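Notes to accompany the following structure.
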Amino acid sequence: VQLQASGGGLVQPGGSLRLSCAASGRTFSSYNMGWFRQAPGKEREFVAAISWSGRGSYYVDSVKGRFTISRDNAKNTVYLQMNSLKPEDTAIYYCAASSRRLGSIVDEYDYWGQGTQVTVSS
C-alpha cells in the first residue's frame with residue numbers, strides 16, 4: 001500500500017483544515033488507518049484511528065471533539081477533519097495503514113505516507 005497525504009497548510013487559531021490520505025492498491029478496505037503527527041523536537045504521536053469498516057474510531061484526548069477521522073473505501077481515501085485548531089496542533093501529519101488491530105502505537109502500522117505540514121498561527 002502506498003499512501004499520499006495532502007491538505008495541510010497555514011491556518012489561524014480557531015480555523016479548520018481537512019487532511020486527505022489517498023491509498024494505492026485494491027486492498028485499502030482491509031486496513032485499519034491512522035493519523036499521527038510529529039512536532040519539531042518531539043516524538044511522533046498518535047492522533048486518531050479508524051477501523052477497516054469505518055465503524056470504529058478513537059482519538060487522543062487532546063483532539064476529541066475537534067477532529068474527526070473518516071474513510072471512503074470506494075475512493076481509497078481516509079480523511080481527518082480538524083476544527084478549532086490550536087497552535088499546539090502544529091506538526092507534520094502522517095497517515096498510516098495497519099494490518100493488525102486498531103491501535104495507537106507507531107510500530108503497529110505497516111505503511112506510512114510522506115506527511116503534510118499543518119501550521120496554526122496568527
Side-chain angles (χ1 to χ4, degrees):
V1 176
Q2 291 186 325
L3 305 174
Q4 180 76 33
S6 62
L10 173 64
V11 62
Q12 292 185 344
S16 298
L17 282 174
R18 188 175 82 154
L19 305 184
S20 299
C21 177
S24 64
R26 292 177 288 179
T27 60
F28 172 76
S29 60
S30 66
Y31 288 90
N32 295 322
M33 298 297 296
W35 284 97
F36 291 75
R37 64 188 179 187
Q38 189 165 16
K42 295 187 176 181
E43 293 187 351
R44 192 168 298 189
E45 68 167 354
F46 169 77
V47 176
I50 189 167
S51 64
W52 63 270
S53 66
R55 296 192 185 100
S57 62
Y58 72 108
Y59 304 85
V60 67
D61 286 347
S62 60
V63 308
K64 284 180 181 177
R66 301 189 297 122
F67 291 11
T68 303
I69 189 171
S70 62
R71 66 189 296 162
D72 185 337
N73 285 343
K75 294 182 178 180
N76 281 10
T77 303
V78 62
Y79 304 97
L80 186 68
Q81 177 67 44
M82 304 186 296
N83 299 328
S84 302
L85 283 160
K86 304 175 181 180
E88 52 263 42
D89 295 318
T90 295
I92 298 174
Y93 282 71
Y94 299 89
C95 59
S98 174
S99 59
R100 305 183 185 96
R101 68 179 187 91
L102 188 62
S104 62
I105 307 301
V106 169
D107 289 346
E108 293 176 318
Y109 286 78
D110 307 295
Y111 303 98
W112 291 83
Q114 86 289 359
T116 184
Q117 176 71 48
V118 172
T119 303
V120 185
S121 175
S122 54

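If you're wondering where the values come from, they're calculated on a predicted model, not measured in any experiment.
Qualifying salt bridge (charged side-chain N to carboxylate O under 4.0 Å, His left out) partners for R100, counting only residues two or more places apart in sequence or in other chains: D110. For K42, the side chain to side chain donor-acceptor pair (under 3.5 Å) criterion is met by no residue, not counting sequence neighbours. With sequence neighbours left out, W52 forms a side-chain contact (heavy atoms from CB on, under 4.5 Å) with N32, R71. Q114 pairs by the side chain to side chain donor-acceptor pair (under 3.5 Å) definition with nothing, not counting sequence neighbours. In this view, D107 satisfies the side chain to side chain donor-acceptor pair (under 3.5 Å) rule with no residue, not counting sequence neighbours. Partners of E45 under the side-chain contact (heavy atoms from CB on, under 4.5 Å) rule, at least two apart in sequence or in another chain, are R37. Every ring pair (Phe, Tyr, Trp, His ring centres under 6.0 Å) that F46 has, sequence neighbours left out, goes to F36, Y58. In this view, S51 and S53 satisfy the side chain to side chain donor-acceptor pair (under 3.5 Å) rule, not counting sequence neighbours. Partners of R66 under the side-chain contact (heavy atoms from CB on, under 4.5 Å) rule, at least two apart in sequence or in another chain, are V63, S84, K86, D89.
Looking at S99 and S30, their side chains never come closer than 4.5 Å, going by heavy atoms from C-beta outward. L102 has its side chain out of reach of E108: every pair of non-hydrogen atoms, C-beta onward, lies at least 4.5 Å apart. For the pair I92/T116, no side-chain contact is recorded, criterion being any heavy-atom separation below 4.5 Å from C-beta on. Annotation: side chain of T68 is not in contact with side chain of L80 (no heavy-atom distance under 4.5 Å). Looking at L19 and V118, their side chains come closer than 4.5 Å, going by heavy atoms from C-beta outward.
For residues 63-107, the set of pairs meeting the ring-ring contact (aromatic ring centres under 6.0 Å, His included) definition, not counting sequence neighbours, is empty. For residues 1-21, the side-chain hydrogen bond (donor to acceptor under 3.5 Å, both in side chains) pairs, not counting sequence neighbours, are S16-N83. Residue pairs satisfying the disulfide bond (SG atoms under 2.5 Å apart) criterion with at least one member in residues 37-79, sequence neighbours excluded, are absent.
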After noting the C-alpha distance and the side-chain angles of V106 and E43, does the key distance pass the side-chain contact (heavy atoms from CB on, under 4.5 Å) rule?
CA-CA 10 Å; V106 169; E43 293 187 351; over 6 Å; no
CA sep, side-chain torsions, deciding dist, call: T119, V11, side-chain contact (heavy atoms from CB on, under 4.5 Å)
CA-CA 6 Å; T119 303; V11 62; over 6 Å; no
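In plain terms, the two heavy atoms of F28 and V78 that are nearest each other are CZ-N, 4.1 Å. The shortest non-hydrogen separation linking V1 to Y31 is CG2-CE1, 3.3 Å. Between M33 and A97, the closest heavy-atom pair is SD-CB, 3.5 Å. When all heavy atoms of S121 and P13 are compared, the closest pair comes out as C-CD, 3.6 Å.
By the 6.0 Å contact criterion, CD on E88 is enclosed, its count of non-hydrogen atoms from other residues, nucleotides or ligands being greater than 12.
Note: L3 CG to Y109 OH = 11.5 Å, rounded to the nearest 0.5 Å. Expressed to the nearest 0.5 Å, how far OG of S29 lies from CG of D72 amounts to 11.0 Å. Here the CZ atom belonging to R44 is positioned 5.0 Å from the CH2 atom belonging to W112, to the nearest 0.5 angstrom. If you take CD1 on I69 and SG on C95, they are separated by 9.5 Å, rounding to the nearest 0.5 Å. Note that CZ of R55 and CD1 of I50 are 11.0 Å apart. Values are rounded to the nearest 0.5 Å.
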